[in-house]
Amino acid sequence: MSTADLKRRPTSAGTAPARTRRPAPRGRPAGRRRPNVLGTAVLFVLSAYFLLPAWWLLVASTKSSSDLFGSGGFWFSALHLDDNLHELATANNGLYFRWLLNTVLYAGVGAAAATLLAAMAGYALTKYRFRGREAVFNTILAAVLVPAPLLALPVYLLLSEAHLVNTVWAVLLPSTVSPFGVYLSRIYAAASVPDEILEAARMDGAGEFRIFFTVVLRIFSPALVTVFLFQFTTIWNNFFLPLVTLSDQKLWPVNLGLYYWNGLKDHTPYNLVVTGSLVSVVPLVVAFLLLQRFWRTDLTAGGVKA
């Protein structure tokens, strides 16, 4: 065998000759994709479209009633935010902040109770087998499709029979029902609560309520936050039910109070309506900022070996 044949022979069996790597195109680093300019522009336009009402509300809350109609809607003029806040706090002996506290009570307590009941119902519909389970779940699922205003009159008649009209309970009791929360809790329980953990807790002698409150609720935390925020926002924006069931101004939520101010025929305090709308948004923003850290991956990831 000649020396040339030895040079052409591969060093090991089955080894393919090395392929030459093409150099990266000039002007663009290797491994970096070209940005999608059109998609970025579309997202920017949509973001501006959705943020435009919030920007108008922020700008309008700094203006007096005359400046609201005599200046541009999307830019500042003379700043009267301090005056508007002071007038808002003193109007009708501070009635606005009474409305705001009522809304915090309705939304906070109602959303917490609705979240707990939805978690218990979703967990029971997933982990316990009983006759009629699917029929119960299908009924709850059908309730998701029913518009809330259609239920206002039947709810009013029930509350009237119970002598709860024009009381705090007229808003709190209907707010504790969340069919969508039950649906979401059942889906999350089926996907994230392993039967092995429940069986291990039962073998350790834990009762069903102890298992739910000490084990399941910890696993449920991402779903609970989601249900709470959805229900909190729904109750906060609820308008028709308080309009039907409440006649005492001291029990009104903030959106019903602002609607009343906006409908005054003699003198409509537009600056107070706009400033009050801005202040009423702040608790929602705070709630989302405080609770967003609980949106995390499943707490049981890696807890059960395959």
Heavy-atom neighbours of [X] [atom1] exceed 12 at 6.0 Å:
| X | atom1 | result |
| --- | --- | --- |
| Tyr183 | OH | no |
| Arg133 | CZ | yes |
| Phe213 | CZ | yes |
| Asn93 | CG | no |

> Can you list every pair that meets side-chain hydrogen bond (donor to acceptor under 3.5 Å, both in side chains) and has a residue in residues 241-257, with sequence neighbours left out?
Replying inline: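 For residues 241-257: Asn166-Ser247.
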Looking only at non-hydrogen atoms, find the nearest pair between [X] and [Y] and report the distance.
| X | Y | value |
| --- | --- | --- |
| Asn84 | Leu272 | O-CD2, 3.8 Å |
| Pro174 | Leu159 | CG-CD1, 4.5 Å |
| Tyr188 | Ile219 | CE2-O, 3.4 Å |

[X] with [Y], same ILVMFWY side-chain cluster at under 4.5 Å:
| X | Y | result |
| --- | --- | --- |
| Leu58 | Val254 | no |
| Tyr270 | Trp55 | yes |
| Leu278 | Leu284 | no |
| Val285 | Val59 | yes |

Side chains of residues 41-51: which donor-acceptor partners sit under 3.5 Å, not counting sequence neighbours?
residue, atom, partner, partner atom, Å
Ser47, OG, Leu43, O, 2.8

> Can you tell me how far the OG atom of Ser175 sits from the CG atom of Asn238, to the nearest 0.5 Å?
Replying inline: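 Between Ser175 OG and Asn238 CG, I get 6.0 Å after rounding to 0.5 Å.
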>> Using a 6.0 Å distance limit plus a 45 degree cone around the ring axis, check whether Arg186 lies over the aromatic ring of Phe137.
In response: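 Arg186 over Phe137 ring: yes.
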>> Ring centroids only, cut at 6.0 angstrom: are Trp75 and Trp56 within range, meaning strictly under it?
In response: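 No, the ring centres sit 6.0 Å or more apart.
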> Is the ring centre of Trp236 less than 6.0 Å from the ring centre of Phe288?
Replying inline: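 Distance test on ring centres: not under 6.0 Å, no.
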> Can you check side chain to side chain contact (heavy atoms under 4.5 Å, CB included) on Leu52 and Phe74, steps first, answer last?
Replying inline: CA-CA 9 Å; Leu52 196 61; Phe74 294 99; 3.7 Å; yes
>> Pair Ile211, Tyr123 - check side chain to side chain contact (heavy atoms under 4.5 Å, CB included), show working.
In response: CA-CA 11 Å; Ile211 293 174; Tyr123 170 74; 4.3 Å; yes
